[in-house]
Amino acid sequence: IEPTLMNWVKKQGNNIQFSEIPVVFHKEWLFYAKAYYTAKLLNLDNKLTPLLFRAIQDKNGAKMDSNQAMIDFFVAQD
């Protein structure tokens, strides 16, 4: 839904303030939330957020359920 949402946000102009936030439905997802905010803090969110989302959706991908796994993910994107 992201492309549709982003088009809607653009159409709103200055009428709204839009912010993305991670949602943690399971305790394992806390690592993804930390990764999201880390990428944002490093000003790499535009690059890393789509890659992180793809990694989450990839059923055959590595399980990223530890701080070290997230560090490895960030390093691999360099």
Side-chain angles (χ1 to χ4, degrees):
I1 68 168
E2 190 167 346
T4 302
L5 175 61
M6 290 300 115
N7 285 335
W8 179 84
V9 168
K10 284 180 185 177
K11 288 180 184 178
Q12 303 313 304
N14 293 330
N15 294 325
I16 65 166
Q17 182 178 357
F18 177 78
S19 297
E20 294 177 304
I21 58 167
V23 177
V24 180
F25 288 119
H26 305 283
K27 69 177 186 173
E28 295 84 15
W29 292 9
L30 186 58
F31 293 104
Y32 296 107
K34 288 180 186 178
Y36 172 84
Y37 286 116
T38 300
K40 195 161 190 68
L41 186 66
L42 295 171
N43 201 27
L44 295 172
D45 51 319
N46 287 337
K47 175 185 175 185
L48 294 181
T49 299
L51 297 174
L52 185 61
F53 186 75
R54 268 187 247 134
I56 293 167
Q57 298 302 313
D58 184 3
K59 300 297 181 198
N60 298 320
K63 194 170 182 183
M64 295 190 292
D65 59 355
S66 70
N67 286 333
Q68 188 59 53
M70 284 301 176
I71 291 168
D72 295 343
F73 171 81
F74 273 71
V75 170
Q77 305 314 315
D78 187 23

Output for pair (Leu5 CG, Phe18 CZ), nearest 0.5 Å, gives 4.0 Å

Going by atom type alone, with no hydrogens or angles, which donor-acceptor pairs under 3.5 Å involve a side-chain atom of residues 6-14 and a protein atom two or more places apart or on another chain?
| from | atom 1 | to | atom 2 | distance (Å) |
| --- | --- | --- | --- | --- |
| Asn7 | ND2 | Pro3 | O | 3.3 |
| Gln12 | NE2 | Trp8 | O | 3.2 |

Applying side chain to side chain donor-acceptor pair (under 3.5 Å), which residue pairs with at least one partner in residues 64-75 are found, sequence neighbours left out? Gln68-Asp72

Looking at Tyr36 and Ile21, what are the two nearest heavy atoms and their distance? OH-N, 4.4 Å

Verify side chain to side chain contact (heavy atoms under 4.5 Å, CB included) between Leu52 and Met70, making sure each step is shown before the conclusion. CA-CA 10 Å; Leu52 185 61; Met70 284 301 176; 4.2 Å; yes

Establish whether Ile16 and Ile1 are linked, either directly or via other cluster members, by ILVMFWY side-chain heavy-atom contacts under 4.5 Å. no

CE-CZ distance between Met64 and Phe31, expressed to the nearest 0.5 angstrom: 11.5 Å

Determine whether more than 12 heavy atoms belonging to other residues, nucleotides or ligands lie under 6.0 Å from atom OH of Tyr37. yes

Calculate, to the nearest 0.5 Å, the distance between atoms CD and OG1 belonging to Glu2 and Thr49 respectively. 8.5 Å

Contact check, side chains of Phe73 and Val75, non-hydrogen atoms, under 4.5 Å: no

How would you list, by chain and number, every residue that makes a salt bridge (Lys or Arg N to Asp or Glu O under 4.0 Å) with Lys40, sequence neighbours excluded? Asp45

Which pair of heavy atoms, one from Leu48 and one from Phe74, lies closest together, and at what distance? CD1-CE2, 3.5 Å

Under 4.5 Å between side-chain heavy atoms, hopping through other hydrophobics if needed: is there a path connecting Leu51 to Trp29? yes

Please give me the minimum heavy-atom distance between Val24 and Leu30, naming the atom from each residue. CG1-N, 3.9 Å

